[in-house]
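Predicted, not measured: the structure shown is a model, and the values here were computed from it. Below, chain A is the first sequence line, B the second, and so on; all start at residue 1. These values consider heavy atoms only, across backbone and side chains, with no hydrogens, waters or symmetry-generated copies.
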There are 2 protein chains.
Amino acid sequence: MSDPLLPRLAEIVGDKNILTEAGAAESYLTEERGLYRGKAVAVVRPASVEEVASVVALCAEAKVPVVPQGGNTGLVGGGVPDETGRAVVVSLNRMTSVREVDIDTGTMTVDAGVTLQAAQEKAAEHDRLFPLSLASEGSCTVGGNIATNAGGTAVVAYGNMRDLVLGLEVVLADGRIWNGLRKLKKDNTGYDMKQLFIGAEGTLGIITGAVLKLAPANRSVETAFIGLNSPEQALALFRRAQATAGSALIACELMPRIGIDFVLAHGSGVRDPLSGSHAWYVLLELASPAEQSLRETMEAILEGAIEAGDIEDAALSETLDQRAVFWKLRHLLSEVQKHEGGSIKHDVSVPIGQMPAFVGDATAAAEGVVPGCRPVPFGHMGDGNIHFNVSQPVGDDKQAYLARWGEMNEAVHAVVTRYSGSISAEHGIGRLKRGLLAEIKAPVELDMMRRVKSALDPNGVFNPGVVI
Amino acid sequence: MSDPLLPRLAEIVGDKNILTEAGAAESYLTEERGLYRGKAVAVVRPASVEEVASVVALCAEAKVPVVPQGGNTGLVGGGVPDETGRAVVVSLNRMTSVREVDIDTGTMTVDAGVTLQAAQEKAAEHDRLFPLSLASEGSCTVGGNIATNAGGTAVVAYGNMRDLVLGLEVVLADGRIWNGLRKLKKDNTGYDMKQLFIGAEGTLGIITGAVLKLAPANRSVETAFIGLNSPEQALALFRRAQATAGSALIACELMPRIGIDFVLAHGSGVRDPLSGSHAWYVLLELASPAEQSLRETMEAILEGAIEAGDIEDAALSETLDQRAVFWKLRHLLSEVQKHEGGSIKHDVSVPIGQMPAFVGDATAAAEGVVPGCRPVPFGHMGDGNIHFNVSQPVGDDKQAYLARWGEMNEAVHAVVTRYSGSISAEHGIGRLKRGLLAEIKAPVELDMMRRVKSALDPNGVFNPGVVI
């Protein structure tokens, strides 16, 4: 309260945009999973890039660390301060303007604090699609999506957030503003600096604005819920769908039977679209901006897969309601796991062709650590991205099971490494996985990362303790 | 010949892979357009990443600059040494192995010296597509394509080279090897270091290998050659095609009548596919991996465009031969300009929506500099990328016209800047445009670029005088 920085911060953003009381600042200092509870000099809420710049310049001068924060929906603790209480949290949640929609160029320029859902809705108002889609889209922000290179369910067709960003506006570690808000699909004039800030988790600069690519709105959609016997078959189905539908393939999500069982047991408004039971399921979706139906293409995929013996059964959604039910099964999969006791999480990816072998080996590895544990591997099949979550054995003590988190991680990550995969496919490193970096990256790569950090933030102003 | 470095280089790559005689090294020291004629201690041709690493380590120790070179097809002098003769040119043209094709994952791992055409052919052998396509594909190399973030005619659907690279192997400025040959679509474990080397024109490291993304092979294709009245109509047609065909739209190339006239006058095996004359032309191509025909989609685009008054006439290719003729008109457009006297070149891009206005203003600007000059603006409509080449007035002296290159550039680039465009859309900066960087980039961005250069190449080993 008595920190000499406070009146100077108040001069920049106004008294009411400085939160210091435990009550008001609370939601900015803890994150969703409750893994981290930080402290801060203050949470400040600037309203413009100029105010962000002034705050950063002031903190840099005072040698006070700055923690940038978007919607605070991250899962690795990258947006909350540490426990020292030395940092200032800069929340972007007052910067919520859509600055421009440029239909002729197919871009939208937004403040970093715009929620993903607001960006999607604004695009839809103009009969366009902003394709990124995540569970937390109602509260996560575009700035956070960029800082974490967010993924989600539409990556197979539209790419990660990195692929959807044409330009950035960033406040640098000394408070200078970089206006890189370009709308160009092609620009080879030197190093592509925006790439460094995308996925840097707020450690190199504060993203305050962005130019996003818009896609044509889809007018036809076909969704299938498919039962099959193995991840090998799911991979064959994916390849077939890709070769048949090309980029009309917009989702290919893998789910195990146990996950469906969990959803049916604990979710509401859900039912099994298929009559029999299958070891694995794939939610396959095609979409196109053309008016013409994709039914024929979907049927060609499914008929070919049946002939090849790759699938056991399939249901096609006949209505948008049915489609919603299919997706609900997928969307609830993560949440319902908490009703089955402790769940140890892994957000991993492997080369797509290695996915079936990985699932088998990782399951064996998990069972080696805790016999009777229940792996629920699900996720973005088309990207090789598996949320390899492991539920506790039925009847075991939850805390005793969760105490083995590190041991389980180690066993599963060892399999990931054997398959040249990633231990953080879409969630990032944050505070949670920072200690693992030295194990998974070669010294030469860590050295390059440190050099980049030193080059752009020599005094370590931004987000100390995160990533590197 | 007597340079003390030579025997030590020979120990690494062998005597016969060191070229010092003017004759043998000549083709490595000059570039296609004849703008630069460099000198070098030697041209060395290593056969492996280890040999590249040893050469760089040796040069770094001896404080000798290193100029990486691929197929030497660049248009901005980024791959040839300067005139001091201090540098060693490292040619990758002995590293031509396709290391692996991984069909299940949809990737191909190649040596940097593989030509683009060889990569395309290897993908086709496996019934896959490597989509990058350029005029120089027979001799340019994948490493050079990555170092320059190459573009070409397929960017509208498949992206620039940056979008086609999953992993890199790079030799750093101190001779260390970074093995970043990952095959992952999602990997959020720290800074995405490969992005820095892509498009850095060999100034941060030598790319020795890469993991490339493969796309499904296309099985159906529809190509139309369309006559229309203005760039505004071409933009409307592009938007219609995009909204109707989505990502099946794989090319949208704009050509002016004068360009077609040049091709018909100087090209062989070409004819005008349309009976009347039109001010502008668009080559529109749809393709899909599905077997089903795209004829209906193409017809829907053209019928809609005719109804809206956006196009005047169109020819559909009925055979692959006809398609080849359409493309020949486009591909010859660049080359035939030399038969019309001097041509002053600009490789620029603007936000797509600004393209029509840009073409109008840039044409006026060019005519303001040299009355009677003949602008031939053509290129990648769907990317906002125009090759704004300006042929000399009929009957004028060629050298006198070319002497006004800088003046013409200045006038056209001023228009580019007014439309927030790029003065190098796909060719890069190299030596040719290095002097322009300070004019077009804000000091804060140049400063970031210099910091990155210093961080990764503190002693300036790589490609001095290029980019930054």
- Task: Quick one: which of A:Val155, A:Val348, A:Asp127, A:Val466 has the most heavy-atom pairs under 4.5 Å with chain B, could you say?
- Result: A:Val155

- Item | Residue among A:Asp383, A:Leu446, A:Thr244 with most heavy-atom pairs under 4.5 Å to chain B | A:Asp383

Please classify the contact between [X] and chain B as side chain, backbone, both or neither, with a heavy-atom cut-off of under 4.5 Å.
X        : result
A:Thr107 : neither
A:Ser454 : neither
A:Ile103 : backbone
A:Ile429 : both

Taking every non-hydrogen atom, the tightest pair across [X] and [Y]:
X        : Y        : result
A:Val467 : B:Gly190 : CG1-CA, 3.9 Å
B:Ala245 : A:Pro289 : C-CG, 4.3 Å
A:Gln242 : B:Pro216 : O-CG, 3.5 Å
B:Met193 : A:Val452 : CE-CG2, 3.9 Å

[X] portion near chain A, given a 4.5 angstrom heavy-atom threshold:
X        : result
B:Phe238 : neither
B:Leu172 : side chain
B:Asp447 : side chain
B:Arg162 : side chain
B:Ala200 : both

- Message: Tell me if a side-chain donor or acceptor on A:Arg451 pairs with a main-chain N or O of B:Ala455 at a distance below 3.5 Å.
- Response: yes

- Task: Could you tell me whether a side-chain N or O of A:Lys441 sits under 3.5 Å from a main-chain N or O of B:Thr189, the two making a donor and an acceptor?
- Result: yes

- Hey, mind stepping through A:Asp163 and B:Asp163 against side chain to side chain contact (heavy atoms under 4.5 Å, CB included) and telling me if it holds? CA-CA 8 Å; A:Asp163 303 299; B:Asp163 304 299; 4.1 Å; yes

- Should A:Lys453 and B:Tyr191 count as side-chain neighbours, where that means a heavy-atom distance under 4.5 Å?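 Sidechains of B:Tyr191 and A:Lys453: in contact.
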
- Message: With heavy-atom distances below 4.5 Å as the criterion, would you say the side chains of B:Leu184 and A:Pro351 are in contact?
- Response: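 Sidechains of A:Pro351 and B:Leu184: in contact.
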
How long is the gap from [atom1] on [X] to [atom2] on [Y], to the nearest 0.5 Å?
X        : Y        : atom1 : atom2 : answer
A:Met448 : B:Leu204 : CE    : CG    : 10.5 Å
B:Asp104 : A:Leu235 : CG    : CG    : 5.5 Å
A:Lys185 : B:Asn385 : NZ    : CG    : 10.5 Å

- Based on non-hydrogen pairs under 4.5 Å, which of B:Lys186, B:Met449, B:Lys433 is most in contact with chain A? B:Lys186

- B:Arg434, B:Arg239, B:Lys183: which one forms the most heavy-atom pairs within less than 4.5 Å of chain A?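 When all of B:Arg434, B:Arg239, B:Lys183 are compared, B:Arg239 has the most.
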
- Message: Using side chain to side chain contact (heavy atoms under 4.5 Å, CB included), reason through B:Gln195 and A:Leu196 one step at a time and then give a plain yes or no.
- Response: CA-CA 8 Å; B:Gln195 302 293 348; A:Leu196 272 183; over 6 Å; no

- Message: Quick check on side-chain hydrogen bond (donor to acceptor under 3.5 Å, both in side chains): which of B:Asn149, B:Asp347, B:Asn160 does A:Asn188 satisfy it with?
- Response: B:Asn149

- Single hit among A:Ser422, A:Ser349, A:Ser424 for side-chain hydrogen bond (donor to acceptor under 3.5 Å, both in side chains) with B:Asp187: A:Ser422

- Query: A:Glu445 and salt bridge (Lys or Arg N to Asp or Glu O under 4.0 Å): which partner among B:Arg176, B:Lys194, B:Arg182?
  - Reply: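 Passing option: B:Arg182.
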
- Task: Evaluate whether atom CD of A:Glu296 has more than 12 neighbouring non-hydrogen atoms of other residues, nucleotides or ligands under 6.0 angstrom away.
- Result: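 12 or below, so no.
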
